[in-house]
Amino acid sequence: MIPGQSPDVDGLRQRYPGHFSPFGRERLIQLLVAVAAVVVLLFGMAQLDFFSGKLAAGIGRLVEIADLMLPPDPGSWAHARTFAIALVQTIAIAFLGTLFAAVLALPVAMLAARNVTAARIVRFLSRRSLDTIRSVDILVWALIWVNVVGLGPFAGALAIMTADIGSFGKLFSEAMEAADRKPVEGILSTGGSHALGIRFGILPEVFPVLVSQVLYYFESNTRSASIIGIVGAGGIGLHLAEAIRTLELQQTSFIILLILVAVAVIDFISNRLRFAVIGPRGGTP
Amino acid sequence: MGSPVVSLPPAQLQPLLAAYDASVRTRRLHTLLVLGCMVVAMAAASASAEVSLSRLIENIDRFPSYIVRLFHLENGQPVWTDVAEWFWGLRRWLRLLGETLLMAYVGTFLGAVGAFGLAFLAAANVAPSPWLRIAVRRFCELCRTVPLLVFALVFVIAFGLGPLGGVLAVLIHTLGALGKQCAEVVENIDMKPVEGVASTGARWHVAMRYGALPQVMSNFVSYTLLRFEINVRESAVMGFVGAGGIGQDLIEAIRKFYYSDVSAILVLILITVALIDTTTSRIRHHLIGMEAPS
């Protein structure tokens, strides 16, 4: 368009009628979807007590609670020590759970990977069982393991392990399927068996990816481990739930602060290790 | 010799073999060291987490028997012989499941709306002020690092038992998680349209609306749908701490050993989650398909 000259609006209108009509078909559908979404939202908010005055009263109380939480204070040295020990236990739960899940998930992932296991029925079954494991929440696993080995951190570690076998199995098998086929073919062409092909053709290639995924999960598992204590499976969650229920709010904020620091430290360490294993970029399957 | 492979003379081969052996040896040593560290860490962690293999082996039979018991009715019959008895509380559970879905929906919707706004304040390339940007980033970090259930525990005290605390916990967590992801999306946009709009004298919010938003919308929606899937799972356990949804019936059934109820509720949750997952992933693929250059 030349400056000073008005654009050829009529021509444009003719060439792009959709851009000029206020209510094209597409626009109408978008509008209907938006209206429906907002109607469901309002219905939901009404159902969930947003408009009953509970919200305003609660926010007032929340401000009060936040005020009482500051500054974070464990109360006494004995408490601080208990919390520190519980925090170490939390990290131990996350560590053991993640590690054993990774070890146990590896063979299952192999059964579920297309380029490792030829039998379709085995693949189908292992995938469905991984899906089922994954869709049960970690707290439910914790409750089940509490029934098996009793209350305490051991149940927590087993719960994290079980839940993570599902996630790792899926991630690992996807990583293996994304592996380059050529090394395996090379090994087979020299007369190597299928097992040797997997050992020397696939595993060396995917190993750094697997390690990086495991390290990535370590951080999120620390967070999970800090809440499973709520159902009695060890770690700092037990103390946290108790502090909240007995309205020891300064202790509560102290424990939350501890969790945040621990998660940040683990995040930092696992990132460092990850970059050491895979190099600063890459490592994505 | 009939071998087609030509071998190097021994004098040349010897140093090469030696170098190879040395490099293999250092690698093995390295691996052994890492393994040693792992074993030490494992021993320490096992002591702290009260790991007892003997207790596990002694009681491991309880695990399958628990699972088997989940699928038997009170009268000892397998659950599938009397589905009506198995799902005796279907009406109540469906209502609670609906409440769970509404919690996830409202929490995700409101959290996402907030996160969209925060994303533009937190993205390095378009943020109006660096101080505000850092403040928003820290806020998002806090919101997503504190576990969802911890928010729920605190909110239940402030708002009383019931779904309101749960929704707000989902909302806060969504705000933090989506705020970060969306800010990263905004940081990856093409700045030229934004500069173009700004060059016409448009103010910041107008530049964002017409320069940035069209580029990021489909990614935002896709991340929001993904977050919705996660939030449905999280809302299902919110009842464990009294924050509404189907979780309150689930934990009651587990605590009171109503085995068949546990499996019935779990089956309902699994079906719901699977349905939501397939639906949202359909929509997401549709959105990504629109995004891809044709």
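Everything quoted here is computed from the prediction, not taken from an experiment. Letters A, B, ... are given to chains in the order of the sequence lines, protein chains preceding strands, and every chain is numbered from 1. Atoms considered below: every heavy atom in the structure, side chains included; atoms not considered: hydrogens, waters and symmetry mates.
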Which heavy atom of [X] sits nearest a heavy atom of [Y], and at what distance?
X: A:Ala92; Y: B:Ala45; result: CB-O, 3.6 Å
X: A:Arg223; Y: B:Arg144; result: NH1-O, 3.2 Å
X: B:Glu99; Y: A:Leu48; result: CG-CD2, 4.0 Å
X: B:Arg55; Y: A:Val149; result: NH1-O, 2.6 Å
X: A:Ser135; Y: B:Arg233; result: CA-NH1, 4.1 Å

With only heavy atoms counted, which part of [X] is less than 4.5 Å from chain B, the side chain, the backbone, both or neither?
X: A:Leu158; result: side chain
X: A:Gln89; result: both
X: A:Leu99; result: side chain
X: A:Ile256; result: side chain
X: A:Leu62; result: both
X: A:Val63; result: neither
X: A:Ile255; result: neither
X: A:Ala37; result: both
X: A:Val231; result: both
X: A:Val263; result: side chain
X: A:Leu96; result: side chain
X: A:Ile65; result: side chain

For chain A, the option from [options] that forms the most heavy-atom pairs under 4.5 Å:
options: B:Leu168, B:Ile60, B:Leu56; result: B:Leu56
options: B:Ala41, B:Pro163, B:Ala47, B:Ser52; result: B:Ser52
options: B:Leu250, B:Val273, B:Val150, B:Asp277; result: B:Val150
options: B:Val154, B:Ile269, B:Val106; result: B:Val106

Under 4.5 Å from any heavy atom of chain A - which part of [X]:
X: B:Ser46; value: both
X: B:Ile254; value: side chain
X: B:Ala44; value: neither
X: B:Leu164; value: both
X: B:Ile251; value: side chain
X: B:Leu142; value: side chain

Give, for atom [atom1] of [X] and atom [atom2] of [Y], the distance between the pair rounded to the nearest 0.5 Å.
X: B:Tyr66; Y: A:Asn147; atom1: OH; atom2: CG; value: 4.5 Å
X: B:Leu102; Y: A:Met45; atom1: CG; atom2: CE; value: 11.5 Å
X: B:Thr145; Y: A:Ile259; atom1: OG1; atom2: CD1; value: 11.0 Å
X: B:Leu110; Y: A:Phe50; atom1: CG; atom2: CZ; value: 5.5 Å
X: B:Leu153; Y: A:Leu240; atom1: CG; atom2: CG; value: 6.5 Å

Above 12 or not: heavy atoms from other molecules or residues under 6.0 Å from [atom1] of [X]?
X: B:Phe63; atom1: CZ; value: yes
X: A:Arg81; atom1: CZ; value: no
X: A:Phe51; atom1: CZ; value: yes
X: A:Tyr216; atom1: OH; value: no

What option among A:Ile93, A:Ile230, A:Val136 has the most heavy-atom pairs under 4.5 Å with chain B?
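Of the options given, most contacts go to A:Ile230.
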Check whether any side-chain heavy atom of [X] lies under 4.5 Å from a side-chain heavy atom of [Y], and answer yes or no.
X: B:Phe159; Y: A:Asp49; answer: no
X: B:Phe240; Y: A:Leu143; answer: yes
X: A:Leu139; Y: B:Leu149; answer: yes

